[in-house]
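Heavy-atom basis, side chains included; hydrogens, waters and symmetry copies ignored. Numbering of ligands and ligand atoms starts at 1, following listing order.
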Amino acid sequence: MNLLEQTLATLRYILDSSSIVTGGAINPRHHTDWSHYAPACPGILLLPRTTEEVSKMLRICNTHKQPVVPQGGMTGLAGGGVPRAGDIALSLERMEGIEEIDPAAATMTVLAGTRLETIQQAAAEAGFLFPLNLGARGSCQIGGNIATNAGGNSVIRYGMTRDLVLGLEVVLADGRVLNLMNKMMKNNTGYDLKQCFIGSEGTLGVITRAVLKLHPLPGDVTTVLCAPADYSSAVRLLRTLQRKVGTPQAYEVMWPAFYRLGVDWSGQTAPLPDDKPIYVLFESTGSAEALEALLADAFETGDITDAVIASSHTQARQLWKIREATGEFPVRLKPLNFDISLPIGEIDAFIQDCQQHLDSRFPGHHTLYFGHIGDSNLHVTVDLNSVPEPAPVEALDELVYTAVGARKGSVSAEHGIGALKRDYLHHSVTPEALEVMRQLKQTFDPNGILNPGKVLG
Ligand SMILES: Cc1cc2nc3c(=O)[nH]c(=O)nc-3n(C[C@H](O)[C@H](O)[C@H](O)COP(=O)(O)OP(=O)(O)OC[C@H]3O[C@@H](n4cnc5c(N)ncnc54)[C@H](O)[C@@H]3O)c2cc1C
């Protein structure tokens, strides 16, 4: 019997057989995530229903030193939940449910396999907002959101997932259960261990439960599409908006090639002319009068040259369709996507650098720039149909990440490192910080069984 077979025999002896799946019975959705990185069938799929079962499973795998890959909704874009052939996948999909909503504390306690959309809906029914919001909301799980420290559209106002988590329950590689289920905003009792697991992409522990922070439901939302005179004007408009009307719910910036494509794909007449240098789509919950006055001032100063205020929910949805063209990238393009962050003041200069390097190395390339610039996040998408075959993915990765490193930016803004960006981490993290990360990994997972090959390699 090899080690995997021995592990399987022990798992079968200790656990209910319905929580263990092998071979062809494993659904292909456990082979890879939305990045389509290196699909492989795990040797065993584990489907726990309780924290106690997760603990038993990890204790057994740790004893046999068998690699375990935690899996959530598999919507990740960095290959983080992708097993290697023969690894053990541990899916949280059966650990679904809301345990409690506490209106006084404004918290929700959930199991890690609960889908984000279920959480959003339950919060709204209880008169609250859970502001984390991503295109993958119907499939991704809160455990995966926490493990990737997911971002999304509302980070500018409410922060990243890290800012929305008050407490966690985590099972360590050796099966110990860490109960960090805090409900309080203030709690300075030593090191805040939960922060180690948020964004750790399944390499330090398996998240099984969480206490989430809820917010009041926002008032009426006004959606605006405008054309700033240039990038500096777009940043100035954001700061003025924050000062005079309040921080917007979303502040999305699109460069012209992206805007033109978004309008075209959404099948609508362009709401603003398509020859502007930059476009901003934002949502404000501040006073409508204050917002109109601000826009009028911005016209006067020349900071914006054109704007549309959505007059109905339907028109607002139409405007958002332009930004949501990204959902069609996988079918209409052959996209190589970069999710990076840079100091806000440098984003436009970075785009110019990047465009120059791309023009000289890959003449004729088709590259799109857009992002949540209020939280320093830029997305760059190169259509691989526009560069020579075979697709020069490594050369493009190196080109973009070197330019990011040169401006002290980050090679991952919100999608994580997973397997795809592991080799580029050094552009954004110093050797000393990498060494401390390795020491942390060694402390939590001395046998290196949790998600090997991800984040640190
Ligand atoms: C259409 C679309 C839009 C998206 N938009 C955004 C966006 O705006 N912002 C953004 O940040 N991301 C976005 N994403 C990426 C993705 O949805 C997020 O990374 C999400 O948080 C992943 O959750 P998941 O449950 O699918 O995790 P998975 O893909 O299953 O796993 C992701 C990582 O977390 C680990 N993991 C999962 N569950 C656990 C657990 N319980 N304990 C420990 N580790 C665990 C896995 O090992 C893996 O490393 C988008 C993806 C798609 C497909």
Side-chain angles (χ1 to χ4, degrees), residues 29-37 42 48 51 54 58 67-83 87-96 110-117 119 132-155 160-162 164 168-173 178 196-210 250 252 323-331 335 337 339 341 370-372 375 377 379 412-422 444-445 450-455:
R29 73 171 180 276
H30 296 283
H31 294 186
T32 190
D33 64 10
W34 268 63
S35 69
H36 304 299
Y37 172 77
T51 301
V54 175
L58 287 183
V68 178
V69 182
Q71 294 188 337
M74 297 300 271
T75 67
L77 298 172
V82 181
D87 280 353
I88 297 175
L90 189 155
S91 168
L92 279 290
E93 68 192 32
R94 286 194 192 170
M95 289 187 64
E96 188 174 14
V110 295
L111 293 175
T114 312
R115 283 176 305 118
L116 174 59
E117 196 168 53
I119 292 170
L132 180 65
N133 195 15
L134 340 167
R137 67 186 79 80
S139 310
C140 63
Q141 300 172 3
I142 193 68
N145 301 146
I146 296 170
T148 54
N149 186 27
N153 296 339
S154 306
V155 171
M160 299 206 35
T161 302
R162 187 181 298 285
L164 302 171
L168 280 188
E169 179 185 80
V170 181
V171 184
L172 298 180
L178 271 190
C196 296
F197 300 98
I198 303 174
S200 67
E201 301 182 55
T203 61
L204 299 182
V206 175
I207 297 160
T208 44
R209 289 162 75 220
E252 302 293 310
R323 172 62 180 80
E324 287 166 1
T326 48
E328 295 187 46
F329 278 6
V331 277
N337 297 316
D339 158 49
S341 59
F370 55 99
H372 326 276
D375 32 83
N377 185 183
H379 294 294
S412 173
E414 56 177 7
H415 296 162
I417 297 299
L420 283 172
K421 295 191 179 181
R422 192 188 54 204
F444 282 116
D445 178 19
L450 283 175
N451 219 357
K454 311 294 165 49
V455 184

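No option in V206, N149, L172 other than L172 meets the side-chain contact (heavy atoms from CB on, under 4.5 Å) test with F197.
Here E201 does not pair with R422 in a salt bridge; the nearest charged N to carboxylate O distance is not below 4.0 Å.
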Could you list, one pair per line, each nitrogen or oxygen of ligand 1 together with any protein nitrogen or oxygen closer than 3.5 Å, giving atom names and the distance rounded to 0.1 Å?
from     : atom 1 : to   : atom 2 : distance (Å)
ligand 1 : 9 (N)  : G152 : N      : 3.4
ligand 1 : 9 (N)  : E414 : OE1    : 3.2
ligand 1 : 9 (N)  : E414 : OE2    : 3.3
ligand 1 : 11 (O) : G151 : N      : 2.9
ligand 1 : 11 (O) : E414 : O      : 3.2
ligand 1 : 17 (O) : T75  : OG1    : 2.7
ligand 1 : 21 (O) : N145 : ND2    : 2.9
ligand 1 : 21 (O) : T148 : OG1    : 2.9
ligand 1 : 25 (O) : G73  : N      : 2.8
ligand 1 : 25 (O) : Q141 : N      : 2.9
ligand 1 : 26 (O) : G73  : N      : 3.4
ligand 1 : 26 (O) : M74  : N      : 3.1
ligand 1 : 26 (O) : T75  : N      : 2.8
ligand 1 : 26 (O) : T75  : OG1    : 2.7
ligand 1 : 29 (O) : T75  : N      : 3.3
ligand 1 : 29 (O) : G76  : N      : 2.8
ligand 1 : 30 (O) : G72  : N      : 2.8
ligand 1 : 30 (O) : G73  : N      : 3.4
ligand 1 : 30 (O) : M74  : N      : 2.8
ligand 1 : 41 (N) : I207 : O      : 3.0
ligand 1 : 42 (N) : I207 : N      : 2.9
ligand 1 : 47 (O) : P70  : O      : 2.6
ligand 1 : 47 (O) : N451 : ND2    : 3.2
ligand 1 : 49 (O) : G80  : O      : 3.2
ligand 1 : 49 (O) : E201 : O      : 3.1

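Not counting sequence neighbours, Y37 has no partner by the ring pair (Phe, Tyr, Trp, His ring centres under 6.0 Å) test. In this structure, R94 has no side chain to side chain donor-acceptor pair (under 3.5 Å) partners at least two apart in sequence or on a different chain. By the side-chain contact (heavy atoms from CB on, under 4.5 Å) test, V171 pairs with T51, V54, S55, L58, V177, T208, sequence neighbours left out.
By the 30° and 60° cut-offs, the orientation of the rings of H372 relative to H379 is perpendicular.
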